[in-house]
Structure formats: C-alpha cells, structure tokens
Protein chains: 2
Amino acid sequence: MSRKNIETRNRILESTWRLLEADPGNKVRMSDIAKEAGISRQAVYLHFPKRADLLVATTRYLDEVSDIDARLAASRAAKTGLERLDAFIEAWGNYIPEIYGVAKALLAMQDQDEAAYNAWQGRMQAVREGCEAAVNALDRDGRLTADLSKKEAIDLLWTMLSVRNWEQMRGECGWTQARYIEVTKAFARRALVVDEA
Amino acid sequence: MSRKNIETRNRILESTWRLLEADPGNKVRMSDIAKEAGISRQAVYLHFPKRADLLVATTRYLDEVSDIDARLAASRAAKTGLERLDAFIEAWGNYIPEIYGVAKALLAMQDQDEAAYNAWQGRMQAVREGCEAAVNALDRDGRLTADLSKKEAIDLLWTMLSVRNWEQMRGECGWTQARYIEVTKAFARRALVVDEA
DNA sequence: TGTCAACTTTACACGGTGTCAAGTTATAGC
DNA sequence: GCTATAACTTGACACCGTGTAAAGTTGACA
C-alpha cells in the first residue's frame, strides 16, 4: 500500500482542512495546499492522484479526528424516540460546522466528479441512517405522525438536516448555531411527532 | 443598446434553456450552446460576454416566458394568511421544476462568479419577499406561532422552499411533484401556524 | 456602390488539473 | 563505505474550457 510517508500525508490533509476551513467559499487549489503543507505540488499528487481523492480523504480524516462515531453514540443510547431525535439532531447539527469547509468543496465537485459524488452520497447515506433510526424509535413509541409514511418521514428529516439548510440558516439568515439546533429540534418535532395517545 | 439581432439572441437563450433542461447535472459549455443554436461560439460571446451573463439572461427569459408574475398574483389575492401561504407554496413550488436546469447551473457558478452570485441572490430575495408577505398575512390573522420571531419564521419558510430541498425531495427521495407540494404545505403549517385563538 | 451590422473563422492567452521524466537526498541493507 | 530505494523536487507539458482579438464574409439598406 503505497501510502508514502504518512507524516507528509497527514500534513497534506491538515493543510487541506485548514485552508477549506478558513475559506469555504473560495476555490482552494492543489498548489495552495502544497504551499500550505510546505511541499511541492507534485508531492501532493504522489499521495492523492486526483483532487477529489484528496477531498474525500480529508473528510475521512476529519471523521477520525472528530470521532463522529462517539458523538452519535449518545443518540443511539437514547431511551425514547423523542430523546433519540433530539440527540441525533444535536450530534449531527453540531458536526456540520466542523466539516463545512470540506463538505462545501466536495459538494461543489459532485457534478463533475464521480468519486466526489459517491463519497458525498455515502456520507449522506450515513446521516440518513441516523434519521431512519430516530424515525423508527418514534414509531415504536407510537409517536410518529400518521400524515407521512415512514419513508417520507425519514426523507423529510433528512432533507431538513442538510448541510445546505444549515448553510442558509447560519449564513444568509445569520442564525446562531445554538438557535439553529433549537429551532431544528422544535421543527422536527412539529413535523414528525404526534401527541401521546 | 447593442443587442444585435434579437432573433439570434432568443435562439441562444432557447438553446441554453433546452440544454440545461435536458441535462441539469452535466456541464453545458458555451460551445454546446453555440452548436445547439446553430451559430459560432463567438457569436454567443457577441451577445453574452460571460457565461454568467448568459445564464442570468436565460433566467430572466424564463421568467418572461413562464409569466411568473401572473402565477404569484394568486397568492397576493388570497384573503387569509393560510390561503396566502398555500397559494405561495403552490406557485413557487411549481415554478421550481421549470427553472431547475438553469437554476442549478447558476447555483454552481455562485462561488466563482460575482455576477452569478448576485443574480441568484436577487432571485432568492424575491422568493423571500413572498415568504415575508405570507408570514405577515398569518401574523395579521393572529395565526403565527409564538415560538419564532417574525424574521425567523420568514427564514424558516424561505429555507424550506429552497431549490436544493426541492431537488433532494424530488431527486434523491423520489417524491412526486404533487406530493412535494402537499407535504411542504402541511409542513409549513405545522411549523408556522398556530390554532385559532 | 459602398457602408455597416451581424456573424464566421482562426488563433491565442490564461488558469487550473493532471502527467511525465529526470534529478536530489536521506536512510537502510549489505 | 557503497548502493539501492523511497520520498520528494524541479521543470516541462498536454488538456480543457473561458474569454479575447482580429481579419474575413455576407446581406441589407441608402
């Protein structure tokens, strides 16, 4: 497994992260990343043949560093469906800002690059599974609205929790992170949850 | 006003529309458009100096052709806030599929091109005004939820009605257009509307 | 007949990605 | 101590799409 020098590799990933974090809008080029990492542009290509590969690897790296699994554990541990819904929204909703820079870059490549598309799709699938688990838990408690099929409920929650929506609320609308979480939770309840029988 | 031959101009706009409509994902190049319009690539540049200009002009063209103003008239004519909310969601929600191709292209340029950014922002501002009017109407009727400030209510409705959300529901989730409208309406009510006093 | 506008043709600069090949350097194995 | 190799550097270049530039064609109109 030709992963060359792992230290260099990590420096590249760190640099990519830092640059995208600092400037999620502006286009970060391969040469920018190389400069930031203090190596030649070609060395970056030695580790990551395509730009998409680098972005994908960076998200995986962030997943490791941020230990997203541990964060989601709380939602899995929740007893009631409502608790699970809240915990999941909190875990994911607070993870978004940390991956936003990279996510935006990956999102922008989706239409041009197959690998980027699949990578993003995969991540979103994971989020969807979290939504599914929350909806299932609600359903078990008999608290899921009858207005939507289970699939529709998952679709709706999943859409609600999209990075784009977070971006719009926090960016264009100027909401605080705390308010975003708060309103999203309330919103999800109103949309999906029905009063106790 | 150097708008050259208006027939050619319209042919370019029509071609742009057709191509983007047919393939909203794939990148439509200036040369593709020229070929479709049966003219040289340079002739396109004679009418639209930048790609962004062309996309912006195409959205304006679509606005004219589709007569979006007339469609929104219904929501303006609504008596109650609830009616206004429904009518607006229906008008805008059903307009999205018609502009989706061009919208997606314009959206993709946002980060690179100032003009594209402003153009899209402007369109979204118009949508936001529709949201604002609906929220105001609800408020006048005393039916607006107390959980959100008026601005927050507008923000939320506006976000809910984003092209990205439509894209996700109809695309990834596979919803029908009718169901999208239906659920969005119900959803907006749950989020924003409170029972009569 | 000549002029002008609209368009064509050809060519090229630019920026960013990705490729190629030759050169350097540290280090590990013999 | 010599050499082979992995990791990286340097420099050049092809490719693609946008946008610019300039000279040539065509038809209409005056």
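Within every chain, numbering begins at 1; the chains are lettered A, B, ... in the order of the sequence lines, protein sequences first and strands thereafter.
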### Query
Looking across every strand, which nucleic acid part, if any, lies under 4.0 Å from B/Lys50 by heavy atom: base, sugar-phosphate, or nothing?
sugar-phosphate
### Query
Just wondering, do A/Asp111 and B/Lys104 contact through their side chains at under 4.5 Å, heavy atoms?
yes
### A/Ile39 CD1 to C/dT25 C1', straight-line distance once rounded to whole Å
16 Å
### Message
Quick check for you: among C/dT17, C/dT8, D/dG19, whose closest atom lies nearest to any side-chain atom of B/Tyr45?
### Response
D/dG19
### Side-chain heavy-atom pair B/Trp17, B/Ile99 within 4.5 angstrom cut-off
no
### Query
Side chains of B/Val183 and B/Trp175: closer than 4.5 Å at any heavy-atom pair?
yes
#### Entry: Atom pair CD/CG of A/Glu98 and A/Asp63 - distance to nearest 0.5 Å
10.5 Å
### Task
Give a yes/no on whether any side-chain N or O of A/His47 is located under 4.0 angstrom from OP1 or OP2 of D/dA7.
no
### Message
So for B/Arg41 and D/dG19, does any side-chain atom that can act as donor or acceptor lie under 3.5 Å from a complementary atom in the base?
### Response
yes
### Query
How long is the line joining CG of B/Asn10 and P of C/dA6, in whole Å?
14 Å
### Message
Starting the side chain at C-beta, find the nucleotide from C/dC7, D/dG17, C/dG18 nearest to A/Arg51.
### Response
C/dG18
### Summary
Which of C/dC7, C/dT19, D/dT9 is nearest the side chain of B/Asn5? It is C/dC7
### d(CD, B/Gln42; C1', C/dA6) in whole Å
14 Å
### For atom CD1 of A/Ile33 and atom C1' of C/dG16, their distance in whole Å
12 Å
### Message
Side chain of A/Thr8 only, heavy atoms from C-beta on: which candidate in D/dA7, C/dC7, D/dT9 is closest?
### Response
D/dA7
### Query
Whole-Å distance between D/dA23 P and B/Leu46 CG?
16 Å
#### Entry: Whole-Å distance separating the NZ atom of A/Lys27 from the C1' atom of D/dT18
12 Å
